[in-house]
Amino acid sequence: MQPSEQAPAAPNLAVLDRELCDCRACPRLVAWREEVGRVKRKSFADQSYWARPIPGFGPADARLLIVGLAPAAHGGNRTGRMFTGDRSGDILVEALHALGLANQPTSVAADDGLELRGVRFTAPVHCAPPDNKPTPAERDTCRPWLVRELELMRPSVRAMVVLGAFGWQALFPAIAAAGSWTVPKPRPVFGHATRVELAAADGGAALAIHGCYHVSQQNTFTGRLTPQMLRDVIGAAAAEAGL
């Protein structure tokens, strides 16, 4: 069954997350995530890789959604949890902890006790892609999972932080398909610390969207994104979300 058939029928986030984990809709991504799980990185040679799609993580009534790109081959694809087991996850969770939005500053394994407070992680693509670059077709095939997630979170979510231009570009069609908020034309352009407010299309609350450089090693090692820059964007979005 394709995501376009399966996702809309999910009655809640728990079911959506469970069914997403069995998705095999994109042959290239399925082959890659499973190959990575077989070959492994030397430093993780004794570990069993998850090697499946990665669902969102965080409470179902989260007020702040953090949107990434796709799971990392030896991070989420290994541990089975978004932003877990690699440097990107460490930096993001450390920032959340500093802001009081996570109970601990590290994210190393799915059973490490991490709890997010009013925050949920998600992504427009749920499988680790080769070279961290999903194709447009893979992005579009995966979109129904995100659309349904947005529909189910409509009662609580008030703000989003979008990490990187890919996530930003992929998010707006999903928001439009979810139908709860009005997406302006032309669509907003990504930039670090960009803020866009989307008016409600369903009579509910507006949605504040904040752009942030991705927490990739390329950005954090070069100083393009510093810990303070990350905390500033997340802090502003959290305040708007009422956290």
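This structure is a prediction, so every number in the text was calculated from the model and none was measured.
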**Q** Of Ile54, Leu171, Val67, Asp17, which meets side-chain contact (heavy atoms from CB on, under 4.5 Å) against Thr122?
**A**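 Single pass found, and it is Val67.
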**Q** First locate atom NE2 of His126, then atom CD of Glu149, and finally report the distance between them rounded to the nearest 0.5 Å.
**A**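 Going from NE2 on His126 over to CD on Glu149, the span is 6.0 Å.
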**Q** Does Arg52 reach the main-chain N or O of Cys21 with its side chain, forming a donor-acceptor pair under 3.5 Å?
**A**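 The answer is yes, because a donor-acceptor pair under 3.5 Å joins these two groups.
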**Q** Would you say that more than 12 heavy atoms from the other residues, nucleotides or ligands in this model lie under 6.0 Å from the CD of Glu94, or not?
**A**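 Counting other residues, nucleotides and ligands, CD of Glu94 stays at 12 neighbours or fewer.
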**Q** So does Lys40 pair up with Asp46, basic N to acidic O under 4.0 Å?
**A**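 Answer for the salt bridge query: no.
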**Q** Which atom names give the shortest non-hydrogen contact between Thr194 and Val189, and what distance separates them?
**A**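 Of all heavy-atom pairs spanning Thr194 and Val189, the closest is CG2-O, 4.0 Å.
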**Q** Quick one: does NZ or CZ of Arg187 land under 6.0 Å from the six-membered ring centre of Phe172, within 45 degrees of the ring axis?
**A**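 That pair does not qualify as a cation-pi contact.
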**Q** Can you check whether Asp131's main-chain N or O pairs, donor with acceptor, with Trp32's side chain at less than 3.5 Å?
**A**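 Looks like no, no N/O pair under 3.5 Å.
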**Q** Calculate, to the nearest 0.5 Å, the distance between atoms CG and CD belonging to Leu96 and Gln104 respectively.
**A**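 Result: 11.5 Å between the selected atoms.
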**Q** With rounding to the nearest 0.5 angstrom, report the SG to CZ distance, Cys26 to Arg33.
**A**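 If we round to the nearest 0.5 Å, Cys26:SG and Arg33:CZ are 9.0 Å apart.
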**Q** Determine yes or no for a side-chain-to-main-chain donor-acceptor pair under 3.5 angstrom, with Thr226 supplying the side chain and Gly223 the backbone.
**A**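 Here the side-chain-to-backbone pair does not exist.
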**Q** Taking C-beta and beyond as the side chain, do Gln217 and Ile91 meet within less than 4.5 Å on heavy atoms?
**A**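 Answer no - side chains too far apart.
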**Q** Do Val147 and Ile175 belong to the same hydrophobic cluster, where Ile, Leu, Val, Met, Phe, Trp and Tyr are linked whenever their side-chain heavy atoms lie under 4.5 Å apart, directly or via other members?
**A**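 Val147 and Ile175: separate clusters.
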**Q** I'd like to know if the side chain of Asn103 reaches the main chain of Gly113, judged simply by a donor and an acceptor atom lying under 3.5 Å from each other, with no hydrogens or angles considered.
**A**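 Pair found, side chain donor or acceptor close to backbone of Gly113.
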**Q** Looking at the rings of His74 and Tyr49, which for Trp means the six-membered one, are their centres under 6.0 Å apart?
**A**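 Yes.
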**Q** Determine, using the 4.5 Å side-chain heavy-atom cutoff (strictly less than), whether Leu198 and Val233 are members of one ILVMFWY cluster.
**A**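 The answer is yes; both residues are in one hydrophobic cluster.
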**Q** Mind checking whether Phe121 and Phe83 have parallel, tilted or perpendicular rings, split at 30° and 60°?
**A**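 Phe121 and Phe83: perpendicular rings.
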**Q** Just do the salt bridge (charged side-chain N to carboxylate O under 4.0 Å, His left out) check on Arg148 and Glu19 with the steps written out, would you?
**A** CA-CA 12 Å; Arg148 186 58 179 152; Glu19 293 186 350; over 6 Å; no
**Q** Nearest 0.5 angstrom please: Ser107 OG to Leu114 CG, how far?
**A**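 Ser107 OG to Leu114 CG: 5.0 Å, rounded to 0.5 Å.
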**Q** So among Leu69, Leu146, Leu29, which one has a side-chain contact (heavy atoms from CB on, under 4.5 Å) with Val125?
**A**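 Of Leu69, Leu146, Leu29, side-chain contact (heavy atoms from CB on, under 4.5 Å) with Val125 is met by Leu29 alone.
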**Q** Using the rule that two of Ile, Leu, Val, Met, Phe, Trp, Tyr join whenever any of their side-chain heavy atoms come within less than 4.5 Å, decide whether Leu225 and Leu99 are in one cluster.
**A**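 Hydrophobic grouping puts Leu225 with Leu99.
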**Q** So does Glu151 pair up with Arg154, basic N to acidic O under 4.0 Å?
**A**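 Between Arg154 and Glu151 there is no salt bridge, as every charged N stays at least 4.0 Å from the carboxylate O atoms.
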**Q** Do Phe44 and Trp50 belong together in a cluster built from hydrophobic side chains that touch within less than 4.5 Å?
**A**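 Phe44 and Trp50: separate clusters.
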**Q** Does the side chain of Gln6 reach to within under 4.5 Å of the side chain of Trp145, using non-hydrogen atoms?
**A**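 Yes, at least one pair of side-chain atoms sits under 4.5 Å.
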**Q** Evaluate the side-chain proximity of Val119 to Leu65: yes if any heavy-atom separation is below 4.5 Å, no if none is.
**A**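 They are not in side-chain contact.
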**Q** Roughly how far, to the nearest 0.5 Å, is the OG1 atom of Thr141 from the CD atom of Gln2?
**A**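 If I round to the nearest 0.5 Å, the distance is 6.5 Å.
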**Q** Can you get from Leu116 to Val215 by hopping between Ile, Leu, Val, Met, Phe, Trp and Tyr side chains that sit under 4.5 Å apart?
**A**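 Yes, because Leu116 and Val215 connect within a single hydrophobic cluster, where side-chain heavy atoms sit under 4.5 Å apart.
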**Q** Could you grab the distance from atom CE of Met160 to atom CD1 of Ile66, nearest 0.5 Å is fine?
**A**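 Atom-to-atom, Met160:CE and Ile66:CD1 are 11.5 Å apart.
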**Q** Determine whether Leu207 and Glu197 make a side-chain contact, defined as any pair of heavy atoms from C-beta on separated by less than 4.5 Å.
**A**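 Leu207 does not reach Glu197 side chain to side chain.
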**Q** Heavy-atom distance under 4.5 Å between the side chains of Met229 and His192, does that happen here?
**A**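 Contact flag for Met229/His192 side chains = yes.
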**Q** Salt bridge or not for Glu138 and Arg28, using N-O below 4.0 Å?
**A**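 Arg28 and Glu138: salt-bridged.
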**Q** Charged N to carboxylate O below 4.0 Å: is that the case for Asp86 and Arg78?
**A**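 Here Asp86 does not pair with Arg78 in a salt bridge, since their nearest N and O are not under 4.0 Å apart.
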**Q** For Trp168 and Phe190, take the angle between the two ring planes, folded into 0 to 90°, and tell me which bin it lands in: parallel under 30, tilted 30 to 60, perpendicular over 60.
**A**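 Rings of Trp168 and Phe190: perpendicular, as their planes differ by over 60°.
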